[in-house]
Amino acid sequence: MANLTRDEIVSAYIDILGSERVITDEQTLRENSVDRYYKVENVFGIYSLPLPAAVVKPRTPEEVSSVLKLANAYSIAVVPKTGGSATEGGLETIVEDSVVIDGSLMNEIIEIDTENMLATVQCGVRLQDLEDELRKIGYTTGHSPQSKPIAQFGGLVATRSIGQFSTLYGGIEDMLVGAETVFANGEICRIKNVPRRAAGPDIRHLILGNEGALNFITEVSVKIFRYYPENNRFYGYLLDDMKAGFEILREVVTQGYRPSVARLYDQEDGLYHFKHFSDGRCVLIFMAEGPRPLADATGAAIEQIVSQHSGVDRVADSLIEDWFNHLNWDVSKIEEERVEIRETLNNGFTTEISGNWSVINDIYTSALERIRREVPAQFTLLGGHSSHSYLNGTNMYFVYYYKIDVDPTEERTVYHDPIQDIIVEETLKRGGSMCHHHGVGKHRTHFLAEEYGSSLYMLETLKSAFDPNRIMNPGTIFPL
Ligand SMILES: Cc1cc2nc3c(=O)[nH]c(=O)nc-3n(C[C@H](O)[C@H](O)[C@H](O)COP(=O)(O)OP(=O)(O)OC[C@H]3O[C@@H](n4cnc5c(N)ncnc54)[C@H](O)[C@@H]3O)c2cc1C
């Protein structure tokens, strides 16, 4: 694709950023050629994708602009990156001589504004770092994906991430107020911070969820919230089937209550997370938070709604609180997982989708039934949970662990891809979305036309307009 040789690309970037911020050592390039979709190969030291020509580390939006202008002029494929916790192939360098643009040096918390309830950060600020600063003064981002200790704001916005407290605070799309981003031609654009706007279409959504395929996000402003940890209430229940659990979630949300957490685990996933008390049953969890009268009212409503359903048994609140305190994944947990895969050959992946209330149970049951019937894996866990509920429906986060009994290079095509395809097919068939919060990445793009239907025209037009030379993360969202 590129009109320059590999060496010419490297030296052109050294001219812009200096040699210290243009990394070309072999191991860094290998690690930057993949993300967690290639976890199994990677754990065994196999790197089968083309290695990038370099990883470049700009420090300012102007440098990002220069980096992109050069790429655009010479058709060099670029892969934006910040925290590196992507799970769907968004970081794979599938084009020869790509350049990874790593925004992690842009890591300044620019402003915390408690009057207007805003925090402004550069793209390389880790969510955990902003959250820690806010907690010191009694505020929170309200954003808590499990990858909070690793993920950075560029990636969080680019993937449309969502956190555990989403039923109250929303996903990142509800939090993003303004941003700065750079397009393939080097144009730097800012969207100002206002409480609401009706001045035409909402252009924040050209940034949210773009997965590096439309622009490179350099700065974001997000809402902040007052934090009242002393009022947190936890509720846990055991029940026998998912359908009844979905119905309770639906009642709580559609009656107008906003618990911060509303989660439902099936039997297998319940055993994985709560083996000390789940007793092989489904597990339903709620958390209420906020000012005391609101937390009390939300908690009382949850108890009242659940009490109208038979066969639902309460567990101690402390069991749920304790579980929450150990849920997030930092770098050491990722390393532990790698060791475990190497030693036990037991490996797990997830696929997350969403659907309306009327179809979610059918998606859940039919996907699992087809996987059991069609995929000859030795499953050690096949199940999932719903973790984000809305007025119209909920998500399903399928979780599948199996023994790697094939060569690591075949694991994806024999197991991971077919399992994911079944889940997506059963979802799309029932009008759901193939992707709830991890992004399309590079392994669901063959379903893009079905996901979008007639609105694919709008998406394709954005790509042609903003990235006519198709240098931005080729193969991500848009099939090659
Ligand atoms: C253990 C674990 C738990 C997770 N839990 C959750 C969860 O609870 N909720 C959730 O939503 N996700 C979760 N994820 C997925 C992942 O953490 C999120 O997608 C996160 O938002 C990625 O942020 P990052 O900074 O690591 O981005 P990266 O991994 O660096 O990149 C992710 C994608 O965004 C693009 N990108 C990165 N930076 C930019 C930029 N500056 N401009 C434009 N595009 C950019 C990349 O090209 C890539 O396509 C989890 C992942 C792991 C490994």
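Both backbone and side-chain heavy atoms feed into the values below; hydrogens, waters and symmetry mates do not. All ligand and atom numbering here is 1-based and tracks the order in the structure.
Distance from atom 22 (C) of ligand 1 to its nearest protein heavy atom, with residue and atom name: S85 OG, 3.4 Å. Closest protein heavy atom to atom 9 (N) of ligand 1: I162 O, 2.8 Å. The protein atom (non-hydrogen) at minimum distance from atom 24 (P) of ligand 1 is G83 N, 3.5 Å. Among all non-hydrogen protein atoms, the one lying nearest atom 28 (P) of ligand 1 is G84 N, 3.4 Å. Looking only at protein heavy atoms, the nearest one to atom 49 (O) of ligand 1 is E211 O, 3.3 Å. The nearest heavy-atom contact from the protein to atom 5 (N) of ligand 1 is Q146 CB, 3.4 Å. With respect to atom 27 (O) of ligand 1, the closest heavy atom belonging to the protein is G155 CA, 3.3 Å. Protein heavy atom at the shortest distance from atom 47 (O) of ligand 1 is P80 O, 2.6 Å.
With a 4.0 Å cut-off on non-hydrogen atoms, H438 touches ligand 1 through its side chain and not its backbone. Counting heavy atoms under 4.0 Å from ligand 1, residue L91 touches it through the side chain alone. Residue contacts with ligand 1, taken as heavy atom pairs separated by less than 4.0 Å, involve T87 solely via side-chain atoms from C-beta onward. Residue contacts with ligand 1, taken as heavy atom pairs separated by less than 4.0 Å, involve F216 via backbone and side-chain atoms alike. The side chain of R36, and not its backbone, has at least one atom closer than 4.0 Å to an atom of ligand 1 (non-hydrogen atoms only; side chain from C-beta on).
Across the listed options G124, S147, S104, S147 owns the non-hydrogen atom lying nearest to atom 17 (O) of ligand 1. The option with the heavy atom closest to atom 35 (C) of ligand 1, from among A151, C123, A158, is A158. Considering only non-hydrogen atoms, atom 32 (C) of ligand 1 lies nearest to T159 out of L214, N215, T159, N210.
Of the N or O atoms in I334, none lie within a sub-3.5 Å distance of an N or O in ligand 1. Polar contact with ligand 1: absent for W329 (N/O pair, distance under 3.5 Å). Considering backbone and side-chain N/O atoms, N473 comes within less than 3.5 Å of an N/O atom of ligand 1. The distance criterion of under 3.5 Å between nitrogen or oxygen atoms is met by I217 with respect to ligand 1. Not one N or O of P145 is nearer than 3.5 Å to an N or O of ligand 1, by distance alone. Checked against a 3.5 angstrom limit, the closest N/O atoms of V79 and ligand 1 fall outside it.
When H143, E289, K223 are each tested for a side chain to side chain donor-acceptor pair (under 3.5 Å) with Y169, only one passes: E289.
The distance from the NZ atom of K148 to the OG atom of S85 is 13.5 Å, given to the nearest 0.5 Å. If you take CG on D417 and CD on E411, they are separated by 8.0 Å, rounding to the nearest 0.5 Å.
Under a cut-off of 6.0 angstrom, the local environment of OH in Y257 is sparse, with at most 12 non-hydrogen atoms contributed by other residues, nucleotides or ligands. Atom CD of E20 has 12 or fewer heavy atoms from other residues, nucleotides or ligands within 6.0 Å.
Of all the atoms in ligand 1, the ones that sit under 4.0 Å from a non-hydrogen atom of A86 are 29 (O), 32 (C). In summary, the atoms of ligand 1 found under 4.0 Å from a heavy atom of G212, numbered by their order in the structure, are 43 (C), 44 (N).
Remark: R444 does not engage E451 in a salt bridge, criterion side-chain N to carboxylate O under 4.0 Å.
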